[in-house]
Amino acid sequence: MSKADQIFINMCKDILENGTSTEGEKVRPHWPDGTSAYTIKKFGVVNRYDLREEFPLLTLRRTALKSATDEILWIWQRKSNNINDLNSHIWDEWADEDGSIGKAYGYQLGVKHLYKEGMMDQVDRVIYDLKNNPFSRRIMTNIYVHQDLHEMNLYPCAYSMTFNVTQRPGEDRLTLNAVLNQRSQDVLAANNWNVVQYSVLVHMLAQVCNMNVGELVHVIADAHIYDRHVPLIKELISREPMPAPKFWLNPAVKDFYDFTADDVKAIDYKTHDQIKDIPIAI
């Protein structure tokens, strides 16, 4: 049985049974018909995924591995803030007439700063430190830049990654772990999507830095289920989890900037039916 499914089921049950409602409160999100989009929410949800043991693709419904990978590469590799560089339409709602989402996501990761007497962006600094100073406690990224928030079409939801390297007894290779910090998450629409894409990222960075994968710890400040999603979530978590798939990452790729979405595969990935036409709050 997929452990990722069980983590998801337990989280959703906890939110539904012990969460607090925003109904009647002043909220920003709304449905396309103009109705306020209320949520049931939990503060401070923490989920741990052992990537060495299992790749956390849900089997309760299918998560599009290649599309999730393409988006994380759009942000972390292409460092783009333009939807014309992305092979999906998930950001169309927040793009301007030129395709830009403003100074958000990939834009921030591509901003260069002075480091060790040279100019480097956040992604290159992470890779440099993992290769040259792996036991540093300062290997992290942050895209929630306050002075640029007014020029972002959407404030970053998943905003920070902290990398931490450990040495397991009896192993020559180091182990790469990471913490993903997220200020807010639409659990039905985005939870496994984010978990999968940042798991892919950890696998890619571990490979190019000659490390083993370890844990991904996902910290969500505001984990919420929208009012119109409640019946969908209840049906979803009533399903029986299936065995987790195997994850394949092209072992020939040694440079992070050479990865493409075709370098990942889910082997023996069997799932329940997809939930279609999920309403998305704006």
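Remember, it's a predicted structure, so these values are computed and weren't measured experimentally.
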- Point-to-point distance, once rounded to the nearest 0.5 Å, from OG1 of T260 to CG of L73: 7.5 Å
- Query: How long is the span from the CZ atom in R78 to the CG atom in D85, to the nearest 0.5 Å?
  - Reply: 7.0 Å
- Item | side chain to side chain contact (heavy atoms under 4.5 Å, CB included) partner of S160, the single match among N181, I143, V219 | N181
- Message: If we check side chain to side chain contact (heavy atoms under 4.5 Å, CB included) with Y38, which of these qualifies: E23, H30, R228?
- Response: E23
So which heavy atom on [X] is nearest to which on [Y], and how close?
X: P56; Y: Y49; result: CB-CD2, 3.6 Å
X: A221; Y: R183; result: CB-O, 3.4 Å
X: Q77; Y: F256; result: NE2-O, 2.9 Å
X: P156; Y: L149; result: CD-CD2, 4.3 Å
X: N142; Y: Q122; result: N-OE1, 2.8 Å
X: V264; Y: T69; result: CG2-OG1, 3.5 Å

For [X] and [Y], test the side chains for any donor-to-acceptor distance below 3.5 angstrom and give the result as yes or no.
X: N210; Y: R173; result: yes
X: D129; Y: N133; result: no
X: D121; Y: Y115; result: no
X: D222; Y: Q185; result: no
X: D70; Y: N87; result: yes

Would the number of heavy atoms belonging to other residues, nucleotides or ligands and lying under 6.0 Å from [atom1] of [X] be above 12?
X: R48; atom1: CZ; value: no
X: K66; atom1: NZ; value: yes
X: Y257; atom1: OH; value: yes
X: K246; atom1: NZ; value: no
X: D172; atom1: CG; value: no
X: H89; atom1: NE2; value: no
X: E151; atom1: CD; value: yes

Less than 4.5 Å apart, any side-chain heavy atom of [X] and any of [Y]?
X: F135; Y: Q167; value: yes
X: Y198; Y: H218; value: no
X: P245; Y: I267; value: no

Is the [X] to [Y] ring centre distance short of 6.0 Å?
X: W91; Y: Y105; value: yes
X: W31; Y: Y226; value: yes
X: F55; Y: H203; value: yes

- Query: In the single-linkage hydrophobic clustering (I, L, V, M, F, W, Y; side-chain heavy atoms under 4.5 Å), do W74 and Y107 co-cluster?
  - Reply: no
- Message: When you group the ILVMFWY residues by side-chain heavy-atom contacts below 4.5 Å and let the links chain together, are L249 and M211 in the same group?
- Response: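 Same hydrophobic cluster.
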- Mind running side-chain hydrogen bond (donor to acceptor under 3.5 Å, both in side chains) on S100 and N82 for me, showing each step along the way? CA-CA 4 Å; S100 173; N82 194 292; 5.5 Å; no
- So, K42 and D14, do they make that salt bridge, N to O below 4.0 Å?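 So K42 pairs with D14 through a salt bridge.
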- Query: Could D186 and K41 be called an ion pair, given the rule that one side-chain N must be under 4.0 Å from one carboxylate O?
  - Reply: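 Between K41 and D186 there is no salt bridge, as every charged N stays at least 4.0 Å from the carboxylate O atoms.
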- Given L130 and L176, is the side chain to side chain contact (heavy atoms under 4.5 Å, CB included) satisfied, shown in steps? CA-CA 9 Å; L130 288 176; L176 179 61; 3.7 Å; yes
- Query: Do S184 and H224 pass the side chain to side chain contact (heavy atoms under 4.5 Å, CB included) test, and can you show the C-alpha distance, the side-chain angles, and the key distance before you say yes or no?
  - Reply: CA-CA 8 Å; S184 172; H224 51 265; 3.0 Å; yes
- Query: In the hydrophobic cluster built from side-chain contacts under 4.5 Å, what are the other members alongside I278?
  - Reply: F8, I9, M11, I15, L16, I40, V45, L58, L60, V187, L188, I220, I225, V230, L232, I233, L236, I237, I275, I280
- Message: Run the side-chain hydrogen bond (donor to acceptor under 3.5 Å, both in side chains) test on T175 and R52 for me, step by step, so that the C-alpha distance in whole Å, both residues' side-chain angles and the decisive distance to 0.1 Å come before the verdict.
- Response: CA-CA 10 Å; T175 295; R52 180 180 299 214; 3.1 Å; yes
- Evaluate the criterion side chain to side chain contact (heavy atoms under 4.5 Å, CB included) for residue pair V200 and F259; output intermediate values, then yes/no. CA-CA 11 Å; V200 169; F259 280 115; over 6 Å; no
- side-chain hydrogen bond (donor to acceptor under 3.5 Å, both in side chains): which pairs involve residues 266-282, sequence neighbours left out? R61-Q274
- Task: List the steps and the verdict of side chain to side chain contact (heavy atoms under 4.5 Å, CB included) for K79 and V111.
- Result: CA-CA 9 Å; K79 300 164 192 172; V111 173; over 6 Å; no
